Amino acid sequence: MPLVYTTLETPANAPARKPFRHVSAVEPSSGASYIPNTERELECIQRRLHNRDYVVLRKAGATKERVMNSMKECNWLHLACHGTQNAKDPTKSALLLHGGKLTLEEIIRLNLPHAEFAFLSACQTMTGDEELSDEAVHIAGAMSLAGYRSVVATMWSIEDALAPKVADEFYAHLLEDGKRPDNRKAAEALHFSVKKLREEEKDIGMLSWLPFVHLGI
């Protein structure tokens, strides 16, 4: 099963939840290699969200500024893009967006009191400093510091063809009862989505399903 990191409870002084609003930033025109299945991943997410309130930022529309603004306006986030890890200076690790990088340092500086959940379907979003393995600094951790109570990320590069399958089953599990999605069920949803992937894709190796991890509550 995927690794699961959890805290015991939500702080008593946490702000009241705002109405659910989801933003997806998919395949930004970042100059990095094209990721073909991100469009399929977006289709899966849109189908699962159905008539809920959501925003989509695609290709040239997925600029650093628009993504950051949407993170402030929406409490759920899904990023399907390239990510890079800077082992020498982890604060320079970044998500590659159109027209620029959104660095770990910039993410930490965001103040997102209403943020609930982030799905980082990108490479190396939970890879720490190789020299400080016990004090890992990674993009997923930065999302938590910015305010996201629950984060799904990857420890190393994921297979493009598998990402939509994990995302599809993940959102299907969270949205199956028609109620407002609950970020506290993210770890459970990730467990079941990876479990189903392993059942359906019996030939994939451990390194294909293991990188998906959960951080938070």
Side-chain angles (χ1 to χ4, degrees), residues 2 20-71 73-85 94-102 107 116-126 139-140 143 148 151-176 181 186 189-190 192-194 196-201 203-204 207-214:
F20 172 82
R21 196 176 194 209
H22 186 284
V23 58
S24 298
V26 178
E27 186 55 39
S29 306
S30 63
S33 59
Y34 175 58
I35 314 175
N37 279 299
T38 52
E39 290 293 336
R40 184 170 156 233
E41 189 170 343
L42 175 61
E43 291 173 2
C44 293
I45 295 168
Q46 289 180 302
R47 183 175 70 252
R48 296 301 183 186
L49 290 173
H50 189 43
N51 60 352
R52 291 177 171 84
D53 189 8
Y54 67 89
V55 176
V56 175
L57 304 176
R58 298 174 61 249
K59 298 186 182 296
T63 64
K64 174 179 171 180
E65 291 74 20
R66 293 188 69 183
V67 168
M68 291 178 72
N69 286 336
S70 293
M71 289 169 69
E73 296 171 359
C74 304
N75 41 23
W76 282 55
L77 169 71
H78 189 103
L79 290 171
C81 61
H82 281 291
T84 62
Q85 182 75 14
L95 296 164
L96 305 185
L97 303 174
H98 180 73
K101 298 179 180 180
L102 179 56
I107 293 170
E116 295 181 21
F117 173 76
F119 194 123
L120 308 180
S121 183
C123 301
Q124 304 175 14
T125 47
M126 202 165 171
I139 295 172
M143 289 288 183
Y148 288 95
V151 181
V152 168
T154 59
M155 293 190 293
W156 54 78
S157 299
I158 56 176
E159 293 185 36
D160 178 43
L162 301 182
K165 296 180 180 181
V166 172
D168 184 44
E169 187 62 25
F170 177 85
Y171 283 102
H173 185 82
L174 281 178
L175 302 170
E176 63 182 354
L190 182 62
F192 284 112
S193 61
V194 173
K196 184 174 181 179
L197 176 70
R198 295 179 64 192
E199 292 171 348
E200 295 182 347
E201 304 287 338
D203 294 332
I204 64 172
L207 297 182
S208 295
W209 58 263
L210 188 61
F212 295 95
V213 295
H214 174 263

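Since the model is a prediction, treat every value here as computed from it, not as a measurement. Note that the numbering runs from 1 along the sequence shown for the chain. The basis for the numbers below is simple: all heavy atoms, side chains too, and nothing from hydrogens, waters or symmetry mates.
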J.: Report yes if some heavy atom in the side chain of Arg52 is under 4.5 Å from a heavy atom in the side chain of Pro181; otherwise report no.
T.: yes
J.: Are any of the side-chain heavy atoms of Val67 and Leu79 separated by less than 4.5 Å?
T.: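 Heavy-atom side-chain distance check passes, below 4.5 Å.
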J.: What's the verdict on side chain to side chain contact (heavy atoms under 4.5 Å, CB included) for Tyr148 and Leu120, showing C-alpha distance, side-chain angles and the deciding distance?
T.: CA-CA 12 Å; Tyr148 288 95; Leu120 308 180; over 6 Å; no
J.: State, to 0.1 Å, how close Lys101 and Ala94 come at their nearest heavy-atom pair, and which atoms those are.
T.: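 Nearest heavy atoms, Lys101 then Ala94: CB-CB, 3.7 Å.
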J.: Taking the side chain as C-beta and beyond, is there a heavy-atom pair between Lys165 and Arg40 under 4.5 Å?
T.: yes
J.: State, to 0.1 Å, how close Leu57 and Arg66 come at their nearest heavy-atom pair, and which atoms those are.
T.: CD2-NH2, 3.6 Å
J.: Rounded to the nearest 0.5 Å, what separates atom CD in Glu200 from atom CD in Glu169?
T.: 7.5 Å
J.: Do Leu174 and Trp76 have side chains that approach each other closer than 4.5 Å (heavy atoms only, starting at C-beta)?
T.: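 A side-chain contact exists here, since the closest heavy-atom pair is under 4.5 Å.
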J.: If you look at every heavy atom in Thr84 and Ile139, which pair is closest and at what distance?
T.: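 So the minimum-distance heavy-atom pair works out to O-CD1, 4.2 Å.
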J.: Do Leu175 and His50 make a side-chain contact, defined as non-hydrogen atoms from C-beta onward lying under 4.5 Å apart?
T.: no
J.: How close do Ser121 and Ala163 get, counting heavy atoms only, and between which atoms?
T.: OG-CB, 3.8 Å
J.: State whether a side-chain donor-acceptor pair under 3.5 Å links His78 with Tyr54.
T.: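 No - no donor-acceptor pair under 3.5 Å links their side chains.
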J.: Can you check whether Leu96 reaches Cys81 side chain to side chain, under 4.5 Å on heavy atoms?
T.: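 Heavy-atom side-chain distance check fails, nothing below 4.5 Å.
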J.: What verdict does the side chain to side chain contact (heavy atoms under 4.5 Å, CB included) test give for Leu207 and Trp156, after you've listed the backbone C-alpha separation in whole Å, the side-chain angles of each residue and the deciding distance to 0.1 Å?
T.: CA-CA 9 Å; Leu207 297 182; Trp156 54 78; 3.8 Å; yes
J.: Would Glu41 and Val26 count as a side chain to side chain contact (heavy atoms under 4.5 Å, CB included) if you check the C-alpha gap in whole Å, the side-chain angles of each, and the deciding distance to 0.1 Å?
T.: CA-CA 9 Å; Glu41 189 170 343; Val26 178; over 6 Å; no
J.: Please give me the minimum heavy-atom distance between Val23 and Ser70, naming the atom from each residue.
T.: CG2-CB, 3.7 Å
J.: Quick one: list whatever passes side chain to side chain contact (heavy atoms under 4.5 Å, CB included) with Arg21, sequence neighbours left out.
T.: Asp53, Val55, Glu73, Cys74, Asn75
J.: Measure the CG-OG distance between Asp203 and Ser208 for me, rounded to the nearest 0.5 Å.
T.: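 Nearest 0.5 Å value for the CG-OG distance: 10.5 Å.
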J.: Which residues pass the side-chain hydrogen bond (donor to acceptor under 3.5 Å, both in side chains) test with Arg47, not counting sequence neighbours?
T.: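 Scan of Arg47 (side-chain hydrogen bond (donor to acceptor under 3.5 Å, both in side chains), adjacent residues dropped) gives Asp168.
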J.: Quick one: CD on Glu116 to CG on Leu77, what's the gap to the nearest 0.5 Å?
T.: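 The distance works out to 12.0 Å.
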J.: Could you tell me which non-hydrogen atom of Leu97 sits nearest to which non-hydrogen atom of Ala62, and how far apart they are?
T.: CB-O, 3.5 Å
J.: Return the set of residues passing ring pair (Phe, Tyr, Trp, His ring centres under 6.0 Å) with Phe170 (not counting sequence neighbours), or none when no residue passes.
T.: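 With neighbours one apart ignored, the set is Phe117, Phe119.
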J.: Would you mind reporting whether Glu27 and Lys59 have side-chain heavy atoms less than 4.5 Å apart?
T.: yes
J.: If you round to the nearest 0.5 Å, how far is CZ of Arg198 from CH2 of Trp209?
T.: 4.0 Å
J.: Tell me, do Ile35 and His82 make a side-chain contact under 4.5 Å, heavy atoms counted?
T.: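 Answer yes - side chains close enough.
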